[in-house]
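All ligand and atom numbering here is 1-based and tracks the order in the structure. The chain is numbered in sequence order, starting from 1. Values reported hereafter were calculated over all heavy atoms of this structure, with side chains retained and with hydrogens, waters and symmetry mates removed.
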Amino acid sequence: MRVRLAPIVFALAAAFPASLLAPIAGAQTPVALTPPMGWNSWNYFAGKVDDKGIRAAADQMVATGMKDAGYVYVNIDDTWEGERDASGVIHSNSKFPDMKALADYVHSKGLKIGIYSGPGLKTCAGYTASLGHEEQDAKTYAEWGIDYLKYDLCSFREDTMVKQAPNDKAAQMTLMIDAYKKMGKALQEATKATGRPIVYSLCQYGWDAVWEWAPALGGNLWRTTGDIDASWDRMYVIASQQSGLEGYAGPGHWNDPDMLEVGNGHLSLAENRTHFSWWAMLAAPLLAGNDLPNMKPEIKAILTNKDVIAIDQDPLGKQGRRAYSEGEVEVWTRDLQGGGVAVAVINFGSSRYSTHPFHLNLKKLNLADGEVGKNLWTGETVTLKDQEPIELASHDILLVRIDNPQRMVRLAPAPTRRPNTPQ
Ligand code: GLA
């Protein structure tokens, strides 16, 4: 359900009332200073998620070494919601007999727990959402011990935006931003009492240039596209759409190209490697979405590759960008803290075609001939030569970290402007 409203956005940018986008005062303890890492129930379990499954996921996060590799959040997606009681308090349904006890269990493993709702009457799967009960729900989540909320637009669009402001896109947008702001504020209020911050994840499919306004509303991450699925084509389309958004990501606020499909569907090992590496290059949240109790060793090896995770979690927080493409090969780079750089060379060619040998042009990356780095999938030290042929299987990736690049052109520090100096 991907609808592009981009042309409207430009018309609306000037029309945002400044008060609407004023940052929420008294912000909570900083969270998500690096992209959130964890696991989410939706991609594999969808409506089959339950208390037992969440406990098993938490157990496996520890047993598989994922926790040690940096995964923290165990996130319950849609279908946990029950009914509201006479006072309007939301209760979980029979799949989740005691949310507080579940949160305590996840916390006892040294992990954190996430939950899901939306600004409409119903969630995407048709369960009770938060409309009219935002403060109450935020308070309930805080009391349960929730650490992360994914807030999904879904029915709010048709039931509220379109109904209340038919044919008035600007008014619809105001309604939507207000709704996200309301929950952002409610979370901050609710967490004041507990001191436990809640990461705020906006899910409205990348409509309306969300990256421009989400951070001011307390958003720590925002989906940039419609839903991912476990196919190479969908993963490729989504990753490509991140190009150009790199300026919006940074510590505390991240573009979210959706949860990982590593280990799901029929993705080949090369595709799983590329998917994971690409999300790391994009400084994307790393939320695994696979069946953890039945994870194959080769999938675990991908998800726990600490060198690749270190690219994702680089404290500088600079999202990578597409440096250039040539035929079926794309080259992406990501600047790292301390002056290093990660280089990803990805072969998008299907096995029926071959662009090999591809010759890596280091000049286009402002890198010198003979850069020494580490191949993050083999662990070997490599020397990259200009115009060197690079052999890559279909949909595979070469990912190299260069800590001390010998740049072709030294990157000059930004000039200091002196007042009254003619520019
Ligand atoms: C939307 C979201 C998905 C998932 C489902 C749940 O489609 O984009 O990530 O949360 O809703 O119903």
Side-chain angles (χ1 to χ4, degrees), residues 1-5 35-50 53-54 57 73-82 90 92-93 95-96 113-131 137 141 146-161 176 179-180 183 198-211 214 219-231 234-235 237-239 241-242 245 254-265 267 275 279 282 284-291:
M1 60 150 173
R2 185 169 166 71
V3 178
R4 273 257 153 230
L5 300 178
M37 288 179 66
W39 175 89
N40 173 293
S41 59
W42 187 255
N43 282 357
Y44 186 83
F45 292 101
K48 295 204 180 84
V49 64
D50 61 10
I54 293 296
Y73 295 97
V74 179
N75 290 353
I76 308 166
D77 208 281
D78 205 352
T79 80
W80 65 267
E81 309 86 343
I90 183 91
S92 46
N93 60 38
K95 295 193 295 167
F96 291 89
I113 185 163
I115 213 163
Y116 167 102
S117 188
L121 263 180
K122 297 279 173 203
T123 67
C124 290
Y127 287 71
T128 309
S130 294
L131 186 69
D137 285 359
Y141 305 152
I146 298 295
D147 306 282
Y148 185 116
L149 173 68
K150 172 173 167 185
Y151 207 49
D152 194 346
L153 186 69
C154 250
S155 71
F156 187 80
R157 187 165 171 267
E158 289 305 322
D159 292 352
T160 304
M161 292 160 64
M176 180 184 60
Y180 276 100
M183 184 48 96
I198 297 182
V199 171
Y200 188 28
S201 158
L202 274 63
C203 177
Q204 49 78 272
Y205 335 115
W207 290 341
D208 317 308
V210 55
W211 37 86
N220 299 114
L221 59 154
W222 49 84
R223 280 272 297 279
T224 54
T225 68
D227 289 11
I228 197 168
D229 60 44
S231 70
R234 185 67 188 137
M235 192 277 289
V237 166
I238 287 183
Q241 287 171 355
Q242 308 312 304
L245 299 183
W254 307 100
N255 290 307
D256 173 11
D258 208 353
M259 302 160 309
L260 294 165
E261 291 283 13
V262 173
N264 288 343
L267 292 175
H275 176 21
W279 261 231
L282 291 168
L286 295 181
L287 295 170
N290 58 327
D291 179 10

Checklist entry - Under a heavy-atom criterion of less than 4.0 Å, does D77 contact ligand 1? => result yes
Next on the checklist: Apply side-chain hydrogen bond (donor to acceptor under 3.5 Å, both in side chains) to residues D152 and Y205 and explain how you reach the verdict.
Outcome noted: CA-CA 9 Å; D152 194 346; Y205 335 115; 2.6 Å; yes
Item to check | Part of T123 with heavy atoms under 4.0 Å of ligand 1, whether side chain, backbone, both or neither | outcome: neither
Next on the checklist: Checking Y151 now: which residues fulfil ring pair (Phe, Tyr, Trp, His ring centres under 6.0 Å) with it, not counting sequence neighbours?
Outcome noted: Y180
Checklist entry - Going by the order shown, which atoms of ligand 1 are within less than 4.0 Å of some heavy atom of C203? => result 2 (C), 8 (O)
Checklist entry - Hey, is the main chain of D258 close enough, under 3.5 Å, to the side chain of W279 for a donor-acceptor pair? => result yes
Item to check | Pairing residues for D78 by the salt bridge (Lys or Arg N to Asp or Glu O under 4.0 Å) criterion, not counting sequence neighbours | outcome: none
Next on the checklist: Using a 4.0 Å cutoff against the non-hydrogen atoms of K150, which atoms of ligand 1 qualify?
Outcome noted: 3 (C), 4 (C), 9 (O), 10 (O)
Checklist entry - With only distance considered, is Y205 within less than 3.5 Å of ligand 1 through an N or O on each side? => result no
Checklist entry - Got an N/O contact under 3.5 Å between D152 and ligand 1? => result yes
Item to check | Donor-acceptor pair between N75 and W39 side chains, under 3.5 angstrom | outcome: no
Item to check | Distance-only donor-acceptor check, side chains Q241 and T224, under 3.5 Å | outcome: no
Checklist entry - What part of A46, side chain, backbone, both or neither, has a heavy atom within less than 4.0 angstrom of ligand 1? => result neither
